[in-house]
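We number each residue from 1, following the sequence as shown. Predicted, not measured: the structure shown is a model, and the values here were computed from it.
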Amino acid sequence: MIIKPTQILDAVREQLQAVFPGETVYDSMLPQDFVRPASMVALTGMELDALGAGVGAVTLRFHLKITTYCVLDVVKNSNQPTLNLRCMSILGAFAAGYIKTEGRAPKLTACTVNTDGLYDCAEVKMTFSLSMDRSEFSTRESVPMMRNFTTKINVEEN
């Protein structure tokens, strides 16, 4: 069975809810009634490596961005040490190197944190990779085998 992007997002959302219990994990760029502290999960891209895992397999890569928000002070500034701690907590939540979803375990192949220039949030970018049998990803076209082969050869001598 192929893993859908929503299943990856749901598994990541569950991990975040375990790390920050009681906090909302948004999946919309324009959430209604936004409340801090919170996190947001977004799929930023997908990749298909059709040949990297051999002839019989394909590799799917899911690129995600987790944006984490802390409470702002009276002048609408965040606390950088608090954002750093939130990022470390997120990294720790995924330290196993994989997530479980639908009986599969996509591997975490890249994870970076960005706090540079962001005054009210921090970003954690992740890539999950899953190799699967090519037949799971696409249906094969069945071509009938050629059973009889007839040929006629004419040889001319000069």
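With contacts defined as side-chain heavy-atom distances shorter than 4.5 Å, the pair I2/L60 qualifies. Counting heavy atoms from C-beta outward, M88 and N84 have side chains that stay 4.5 Å or more apart.
Hydrophobic cluster of V155: the remaining members, joined at side-chain heavy-atom separations below 4.5 Å, are I153, listed by chain and number.
Grouping the Ile, Leu, Val, Met, Phe, Trp and Tyr side chains by contacts below 4.5 angstrom, directly or via other members, places L48 with I3. Residues F128 and L130 are members of one and the same hydrophobic cluster, defined by side-chain heavy-atom contacts under 4.5 angstrom among Ile, Leu, Val, Met, Phe, Trp and Tyr.
The ring-ring contact (aromatic ring centres under 6.0 Å, His included) test applied to F20 returns no partner, not counting sequence neighbours. The side-chain hydrogen bond (donor to acceptor under 3.5 Å, both in side chains) search around T115 returns none, not counting sequence neighbours. With sequence neighbours excluded, the residues that form a side-chain contact (heavy atoms from CB on, under 4.5 Å) with V19 are S89, A93. Remark: K65 engages E123 in a salt bridge (Lys or Arg N to Asp or Glu O under 4.0 Å) (not counting sequence neighbours). In this structure C111 satisfies the side-chain contact (heavy atoms from CB on, under 4.5 Å) test together with L91, L108, V124, M126, sequence neighbours excluded. With sequence neighbours left out, the salt bridge (Lys or Arg N to Asp or Glu O under 4.0 Å) criterion links E47 to R61. In terms of the side-chain contact (heavy atoms from CB on, under 4.5 Å) criterion, residue partners of M46 (sequence neighbours excluded) are, by chain and number, P5, L43, F62. In this structure S131 satisfies the side-chain contact (heavy atoms from CB on, under 4.5 Å) test together with A53, T59, sequence neighbours excluded.
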Inset, instruction - Decide side chain to side chain contact (heavy atoms under 4.5 Å, CB included) for K125 and T44; before the verdict, give the C-alpha distance in whole Å, the side-chain angles of both, and the deciding distance to 0.1 Å. - result: CA-CA 9 Å; K125 294 183 180 179; T44 59; over 6 Å; no

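Atom CG of residue L9 and atom CD of residue E14 lie 11.5 Å apart, to the nearest 0.5 angstrom. Taken from CG in L72 to SG in C121, the straight-line distance is 10.0 Å, to the nearest 0.5 Å. Taken from CG in D49 to CG in L51, the straight-line distance is 7.0 Å, to the nearest 0.5 Å. Rounding to the nearest 0.5 Å places CD of Q7 at 10.0 Å from CD1 of I99. With values rounded to the nearest 0.5 angstrom, R36 atom CZ is found 9.5 Å from T68 atom OG1. Considering CG of L64 and CD1 of I8, their distance stands at 7.5 Å, rounded to 0.5 Å.
The side chain to side chain donor-acceptor pair (under 3.5 Å) pairs that include a residue from residues 101-110 are R104-E136, where partners are two or more places apart or lie in different chains. Residue pairs meeting the ring pair (Phe, Tyr, Trp, His ring centres under 6.0 Å) criterion with at least one partner in residues 80-113, sequence neighbours excluded, do not occur; the list is empty. Residue pairs meeting the side chain to side chain donor-acceptor pair (under 3.5 Å) criterion with at least one member in residues 15-25, sequence neighbours excluded, are E23-R86.
Ring geometry, F34 versus Y69: the interplanar angle exceeds 60°, so the pair is classed perpendicular (tilted spans 30 to 60°).
Of all heavy-atom pairs spanning C70 and P37, the tightest one is CA-CB, 4.3 Å.
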